[in-house]
Amino acid sequence: MCGIVGAVAERNITAVLVEGLKRLEYRGYDSAGVALLTEQGALDRRRRVGKVSELQAALQAEPLAGRLGIAHTRWATHGAPSERNAHPHFSGQELAVVHNGIIENHEELREQLKGLGYVFTSDTDTETIVHLLEHTLKSYADLADALKVAVKQLHGAYGLAVISARQPDRLLAARSGSPLVIGLGLGENFLASDQLALRQVTDRFMYLEEGDIAEIKRDSVQIWTVDGEAVERESVQYHEGAEAADKGEYRHFMLKEIFEQPRVVQRTLEGRLGSDHVLVQAFGPQAAELFAKVKNVQIVACGTSYHAGMVARYWLEELAGIPCQIEVASEFRYRKVVVQPDTLFVSISQSGETADTLAALRNAKDKAPGQGGYLASLVICNVGTSSLVRESDLCLLTQAGPEIGVASTKAFTTQLVGLMLLTLALGQVRGTLDKALEAELVDELRRLPTRLGEALAMDKTVEKISELFAEKHHSLFLGRGAQYPVAMEGALKLKEISYIHAEAYPAGELKHGPLALVDSDMPVVTVAPNNELLEKLKSNLQEVRARGGELIVFADQQAGMRNGEGTHVVNMPHIHDLLAPILYTIPLQLLSYHVAVLKGTDVDQPRNLAKSVTVE
Ligand code: G6P
């Protein structure tokens, strides 16, 4: 989704801005632009539809240099992806703005501003901000003062950065609903929507909080709350290795991230397992006391994280005996929910910034426990500095490291590990989990990285199978029990990166409709661990074969499934049934990856999609 980079320095910062945009490319976007205050004291910009490389080419053809500037990658919401809609947006030649988020009252503001004589040159909601600010500057000469007043008139979500030709020593920023971070340098300072954009220039960051307005100069940073009160925000050192920004030996970030899974799963387990039990304090010092009171769990998430939550529901009910509900955040946040007493609200998110999930958490915190509210909130998240982590009572950080590929892979498997730890911790504290079973699962978790490595070793076999999809336009994914959400995640991966239509069904639902679609043009992918549902699943597969459907079955080596005409069986390492969803995810990720490579799509940045969806 949209990305922001800004800088104020003593040197030409064009390269810093462009490199920052490149680092944000993974988030998904459709146009890019940069505006600088030139040595002549005028604002100038370059904007291009398409990749940052197009913008770079434009900058090579017509260079721009300056010591104060802002840059943006845009993911279109209001107005088509076009050069005139790309940011930065100007008001006259004095002011430039870049913006992430959505201004909901933009139509009303546009009318008012047109009435005041402002001429709009784009279809964006963002352009209203820059003209509104220009108008406010007529009454409040100082840029920070004007911004404080102007943002009060904006409804919706924004992370924005502003520069002015008249006040050339400062970069202004405001945050409400879209994250912003200040990068602290020596005699120069930076701004971005994600610290990854600034890792090449600094490792010290200051995170803006909701409502904050910041004035960033070369050698100072001043921050005010929404009420205009000056505040200090802590500066933190970022320790993540530089590894993430580099594909290494891999052709795509997605493949690199798939292969990182044994290591990051290992990291997610580190320090969280005792000899035969889960360490409950891994969820925070007050976790044991809180978990003892939990009688229900409500999970809320989006996309791949939602699928992780769906798997967790099977675990929580089966292992910990806790009733669990799960819902996508975009639905949950607008629904009148009846909260059962002593319900733990659990959100799951890779980024920790997904707008709907964050809004759902905020709604959940509206009412106090005992007065129709939740007992407490817990987040399973990959970014320790994110809004969801800061606003939740408890958190468990998945240690996946930065995930660059838009299609989520290692974040999903580490979320599953986190959710298994949560299930065991809740079961342990509430005394509903058999101690021997907990010890067995702890043992199995320790062996999980090795099992994941074995599954990855099947890469070449899966690559061969991917050829079956080269000419196909549709596919079905089937699973039963906790493998149903795994099938959903497999189908999501395939559609996200190969653009092949893929639908997932619980295998038992096949006869209630989807069977009508099955013919030799519709490959059917199935995950078949060796559990009590295996025989039922085998019957479902017969139903597919009888209609000429081609089957791809990822089956436990002990499941007794054989290759045959129209049936391609890939034998999977044997694993404890409760951990099978984590293992069976791997071949489905590899399958979608290889199909996408065959199709020649943009694997790491699939069309129309964004890594972190910070708008509704
Ligand atoms: C976007 C991403 C998905 C991700 C979803 C939820 O759609 O492309 O990969 O699963 O957002 O994101 P979150 O950061 O909350 O897990």
Side-chain angles (χ1 to χ4, degrees), residues 1-3 24-30 73 75 77 100 177-179 193-194 196 252-254 257-258 299-312 326-333 346-362 377-392 395-398 400-419 485-486 488-499 585 588-589 592-593 596 601-616:
M1 202 131 277
C2 305
L24 293 179
E25 281 194 293
Y26 77 98
R27 298 169 69 93
Y29 66 102
D30 42 52
T73 46
W75 189 82
T77 57
N100 290 357
S178 286
S193 49
D194 178 334
L196 269 184
H252 295 103
F253 278 110
M254 182 180 178
E257 288 160 3
I258 289 175
I299 302 180
V300 170
C302 299
T304 289
S305 301
Y306 169 69
H307 294 155
M310 282 191 72
V311 173
I326 162 135
E327 192 164 0
V328 285
S330 54
E331 286 299 312
F332 179 88
R333 65 179 288 193
V346 175
S347 61
I348 310 169
S349 174
Q350 187 285 126
S351 61
E353 301 292 353
T354 301
D356 285 323
T357 314
L358 192 54
L361 169 68
R362 288 179 182 157
S377 57
L378 181 150
V379 64
I380 307 271
C381 190
N382 197 35
V383 181
T385 49
S386 63
S387 306
L388 275 169
V389 169
R390 278 185 275 134
E391 296 184 28
S392 297
C395 91
L396 185 87
L397 292 180
T398 50
E403 190 179 61
I404 306 293
V406 165
S408 190
T409 53
K410 60 177 181 169
F412 179 67
T413 41
T414 51
Q415 282 167 351
L416 288 178
V417 169
L419 288 160
V486 171
M488 291 174 80
E489 175 58 13
L492 176 65
K493 285 290 87 88
L494 192 69
K495 56 189 152 199
E496 277 180 316
I497 60 168
S498 76
Y499 315 149
T585 295
L588 300 189
Q589 294 171 343
S592 58
Y593 172 76
T601 57
D602 190 344
V603 173
D604 286 332
Q605 291 159 37
R607 67 184 183 201
N608 307 340
L609 298 182
K611 181 72 190 155
S612 180
V613 180
T614 47
V615 295
E616 268 192 64

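What you are looking at is a predicted structure, and each value in this text was computed from that prediction instead of being measured. Counting convention: from 1, in listed order, for ligands and their atoms alike.
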Revision key, fill the gap. Atom 15 (O) of ligand 1: closest protein heavy atom, distance to 0.1 Å, is T354 OG1, 2.5 Å

Exercise for review: Check the side chains of S592 and E496 for a donor-acceptor pair under 3.5 angstrom, ignoring hydrogens and angles.
Suggested key: no

Study note, to complete from the structure: Note: ligand 1 atoms sitting under 4.0 Å from heavy atoms of S349 are 13 (P), 14 (O), 15 (O), 16 (O)

Practice item. Could you tell me the residue and atom name of the protein heavy atom closest to atom 7 (O) of ligand 1, and the distance to it rounded to 0.1 Å? Key: V613 CG2, 3.9 Å

Review point. Without hydrogens or angle criteria, can the side chains of Q589 and Y593 be said to hold a donor-acceptor pair below 3.5 Å?
Key: no

Check your understanding: How far apart are the C-alpha atoms of K410 and T398, what are their side-chain angles, what is the distance that settles it, and do they pass the side chain to side chain donor-acceptor pair (under 3.5 Å) test?
Key -> CA-CA 10 Å; K410 60 177 181 169; T398 50; over 6 Å; no

**Study point:** ligand 1 N/O within reach of T357 N/O, cut-off under 3.5 Å
**Key:** no

Practice item. Pick one of side chain, backbone, both or neither for how K611 approaches ligand 1, counting any non-hydrogen atom pair under 4.0 Å. Key: backbone

Check your understanding: Say you draw a straight line from OG of S347 to CG of L388; how long is it, rounded to the nearest 0.5 Å?
Key -> 4.5 Å

Practice item. Quick one: pull up OG1 in T414 and CG in L397 and give me the separation to the nearest 0.5 Å. Key: 10.5 Å

Exercise for review: Could you list which atoms of ligand 1 come closer than 4.0 Å to a heavy atom of S305?
Suggested key: 10 (O), 13 (P), 16 (O)

**Study point:** Donor + acceptor pair across side chains of T304, E489 (<3.5 Å)
**Key:** yes

Revision key, fill the gap. Looking only at protein heavy atoms, what sits closest to atom 8 (O) of ligand 1 is A610 O, 2.8 Å

**Study point:** Spatial distance of atom NZ (K495) from atom CG (L609) [nearest 0.5 Å]
**Key:** 11.0 Å

Check your understanding: Any N/O of Q350 closer than 3.5 Å to an N/O of ligand 1?
Key -> yes

Revision key, fill the gap. Under 4.0 Å from one or more heavy atoms of S408, ligand 1 contributes atoms 9 (O)

Study note, to complete from the structure: protein heavy-atom neighbour closest to atom 6 (C) of ligand 1 works out as C302 O, 3.4 Å

Practice item. Any atoms of ligand 1 less than 4.0 Å from a non-hydrogen atom of T304? List them with their elements. Key: 10 (O)

Practice item. For E353 and S386, run side chain to side chain donor-acceptor pair (under 3.5 Å): C-alpha distance rounded to whole Å, both residues' side-chain angles, the deciding distance at 0.1 Å, then the answer. Key: CA-CA 6 Å; E353 301 292 353; S386 63; 4.9 Å; no

Practice item. Please identify which atoms of ligand 1 are closer than 4.0 Å to at least one heavy atom of V406. Key: 8 (O), 9 (O)

